[in-house]
Amino acid sequence: MGASENGDDDLDSISDDRHSDCVPGSPRLDREDEDGFPSEVVGGGRGEGIESFGEGDGGSFASSFYGSGTDWSRLRSSSEEEGDGSGVILDDDGGGLRSGTASEKKLKQGNLLQLWGVKMKEIGAGEPRQANLLQMWGLKRKGAGDGGCEVAPLESELPPAKKRWRRLNGGSNGGAVVAQPRVCPFYKKIPGTPFTVDAFRYGCVEGCSAYFLTHFHADHYGGLSKKWSHGPIYCTPLTARLVRMCLYVDPLFIRPLELNEEHIIGGVRVTLLEANHCPGAALIHFRLSNGQCYLHTGDFRASKPMQAYPLLANQRVDVLYLDTTYCNPRYKFPSKEDVLSYVVRVSNDFLKKWPKTLIVVGAYSIGKECVYLALSKALGVKIHADASRRRILQSFNWSELSERISSNPKDTNLHVLPISSLRFEILDSYLKSYGNQYTDVLAFRPTGWTYSERTQLSLIKPISKGKVTIYGVPYSEHSSFTELREFVQFLRPSKIIPTVNVGNASTRDKMQSYFQEWLKDKSMSHNS
DNA sequence: GCGATCAGCT
DNA sequence: CACAGCTGATCGC
């Protein structure tokens, strides 16, 4: 599921090996860096495959690239904040303040008012948030005192493409990203190579001459803009299109790599694999010239079919950079297929009782398409999305989806809205804006984490208010705890580096103990 | 005015 | 709790 077709792409005209000479002549890894990894990371045989980091062709890996920020202690951690007195900490490169306590952030931002405890809300008398969402749909005029007009926005009234993207996806930069260190953390760097993964918000990363982007979500592409000039960006053709269309990155820097093809970049054999996350999302497999193999999962949902990928089946993986979003046994959720049939069933039942129901699916910029696609197929109706979202969805070249998209909201009772719109007041206004076309709204909020307490789909209880009913459904695009365990036990990597939830020392310890538990029985190895 | 970044919130 | 943002605000240019 979730795989989208890669049709012809208009971006891939530039040959990939133009930047294959990108390893700068730099000193070797400093001894003080050791293997560059904290000792808490699980290792197979201690040291095996580790000493070789930084050797071989990739040995010119800059020590400055890998030397700073190589341990967890540089990461933000609430527990650590309590521990070390949380003074202002200077970066190695001098001057910069490390993201840390709230006071540090305020200092860094130079926001004296906040530092002094003056709240923003007390200063500005802003409009309530709802007004803007209503304005977005043309339901309410700016500054107009009336109850809103009754018509959906006309195409001609919409802002130009760029404004529309920015409107859909956040403020001025396509969505704010949570505070992170200014220095690229070590787990975004691939040792023995001049590569980083999803590391765009650190400016020019020293020693990095190739920047990989696993998928088009703001917390991964953060920092990319039309001013990007720090090096080539490698990603799938679909992600490449979005980077150009939505962020206006200069195409000279964008290097689309077809899935399932080996590409030689800087002497490293690189293959992108379908990640089962959002459209365009990829796992990245690196095979260094010294034989070391690394797998970076980006964000992914582990699945059985992945175990048949030729690069993963019966292959040694030395280091696994793992999406550990739900690496806790409390996170159990059903398969995507089960959730899709559940959503269809709920909708059919609802429509039987209230035939004039508007069905709404909440979604971010990309991801969760299969939820409304499944509804579209089952109900035999089209999908309405606004111009901003249509532009993105059409760029997928996913014909099964494209054919079902409608620009006219009155064409169909199945609409996609930003997930932030799934609130009673907003949906109620939305319902009213269609006059008497609909009597009720049935909305689905697909997410992975609302499901933590429930164990069965049948136990899900919707919340209703007036004519609006909202279901939170456990449609996850990350691996459940069980899926993660099965994937790790299948792959049996020598070493695992978590890439999510790493800001807290106790969470890191917990994850490492799970990894050890999963890998303790060597006789179960598939990949020995 | 525009773009980047931050706090607070969902 | 955490996902993947959203929104308003400030700051530099």
Side-chain angles (χ1 to χ4, degrees), chain A residues 78 96-97 99-115 117-133 135-136 162-163 165-180 182 198 200-203 215-228 247-248 277-278 281 299 301 323-331 333 362-368 417-426 445-453 470 472-481 500-504 506-507 510-511:
Chain A
S78 50
L97 291 167
S99 264
T101 63
S103 311
E104 290 168 30
K105 280 181 218 146
K106 287 168 195 163
L107 270 172
K108 186 161 59 180
Q109 192 186 5
N111 186 336
L112 293 174
L113 290 176
Q114 283 192 355
L115 188 59
V118 181
K119 291 203 175 74
M120 287 305 146
K121 277 172 188 164
E122 297 168 37
I123 300 168
E127 285 248 39
R129 194 179 296 169
Q130 185 184 347
N132 277 337
L133 283 161
Q135 279 170 23
M136 190 173 137
K162 181 172 183 179
K163 298 259 184 205
W165 161 253
R166 290 165 54 194
R167 202 61 223 156
L168 172 77
N169 207 22
S172 53
N173 71 340
V177 175
V178 285
Q180 283 175 25
R182 292 202 168 281
D198 296 340
F200 299 96
R201 49 188 338 276
Y202 314 100
H215 64 289
F216 194 74
H217 276 157
D219 51 335
H220 292 257
Y221 68 62
L224 272 180
S225 72
K226 67 180 179 196
K227 284 155 69 176
W228 176 264
L247 305 179
Y248 304 91
H277 181 64
C278 64
D299 279 359
R301 182 160 183 183
D323 166 20
T324 45
T325 299
Y326 293 130
C327 188
N328 184 308
R330 71 149 73 94
Y331 294 118
F333 31 74
Y364 294 120
S365 54
I366 70 170
K368 323 284 187 188
L417 293 180
I419 209 158
S420 59
S421 306
L422 295 203
R423 288 156 40 186
F424 291 116
E425 325 84 74
I426 295 175
R445 175 198 299 276
T447 173
W449 62 268
T450 50
Y451 199 59
S452 51
E453 298 308 314
I470 302 177
V473 291
Y475 186 86
S476 175
E477 294 184 327
H478 294 273
S479 315
S480 68
F481 182 77
V500 181
N501 300 324
V502 295
N504 179 296
S506 65
T507 309
K510 194 75 189 161
M511 289 193 292

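Fair warning: this is a prediction, and the values are worked out from it, not measured in the lab. Only heavy atoms go into these numbers, but all of them, side chains included; no hydrogens, no water, no symmetry mates. We name chains A, B, ... by the order of the sequence lines, and we start the count at 1 in each one.
- Protein atom CZ of R301(A) is 20 Å distant from nucleotide atom P of dA2(C), rounded to whole Å.
- Regarding contacts with the backbone of dA4(C), a side-chain N or O of H277(A) is found under 4.0 angstrom from either OP1 or OP2.
- Proximity of Y326(A) to S480(A): side-chain heavy atoms (C-beta onward) are nowhere separated by under 4.5 Å.
- The base of dC3(C) is not paired with the side chain of Y326(A) by any donor and acceptor separated by under 3.5 Å.
- The phosphate of dG5(C) has OP1 or OP2 within less than 4.0 Å of a side-chain N or O from S365(A).
- When the nucleotides dC1(C), dG5(C), dA4(B) are ranked by their closest atom to the side chain of K227(A), dA4(B) comes out on top.
- Listed here is the closest heavy atom pair of I366(A) and H217(A): O-NE2, 2.9 Å.
- Distance R201(A) CZ to dG5(C) C1': 14 Å, rounded to the nearest Å.
- Rounded to whole angstrom, the span from the CG atom of D323(A) across to the P atom of dA4(C) amounts to 8 Å.
- The OH atom of Y221(A) sits 9 Å away from the C1' atom of dG5(C) (whole-angstrom rounding).
- Remark: P of dC3(C) and CZ of R445(A) are 16 Å apart, rounded to the nearest angstrom.
- Each of dA4(B), dC3(C), dC1(C) was ranked by its minimum atom distance to the side chain of S225(A); first place goes to dA4(B).
- Note on K226(A): a side-chain N or O is less than 4.0 Å away from OP1 or OP2 of dG3(B).
- Every residue two or more places apart in sequence or in another chain that forms a ring-ring contact (aromatic ring centres under 6.0 Å, His included) with F481(A) is listed here: Y514(A), W518(A).
- Atoms NE2 (H478(A)) and C1' (dA2(C)) sit 10 Å apart, rounded to a whole Å.
- Note that the OH atom of Y364(A) and the OG1 atom of T447(A) stand 6.5 Å from one another [nearest 0.5 Å].
- Between Y221(A) and F200(A), the distance from one ring center to the other does not fall under 6.0 angstrom.
- Mapping I419(A) and T325(A) onto DNA chain C by nearest heavy atom places T325(A) at the nucleotide closer to the 5' end.
- Note: CG (L247(A)) to P (dG5(C)) measures 11 Å, nearest angstrom.
- We find that CZ of R423(A) is positioned 10 Å from C1' of dC9(B), with the value rounded to whole Å.
- OP1 and OP2 of dC3(C) both lie 4.0 Å or more from every side-chain N or O belonging to H217(A).
- The side chain of S420(A) lies closest to dT7(C), out of dA4(B), dA4(C), dT7(C).
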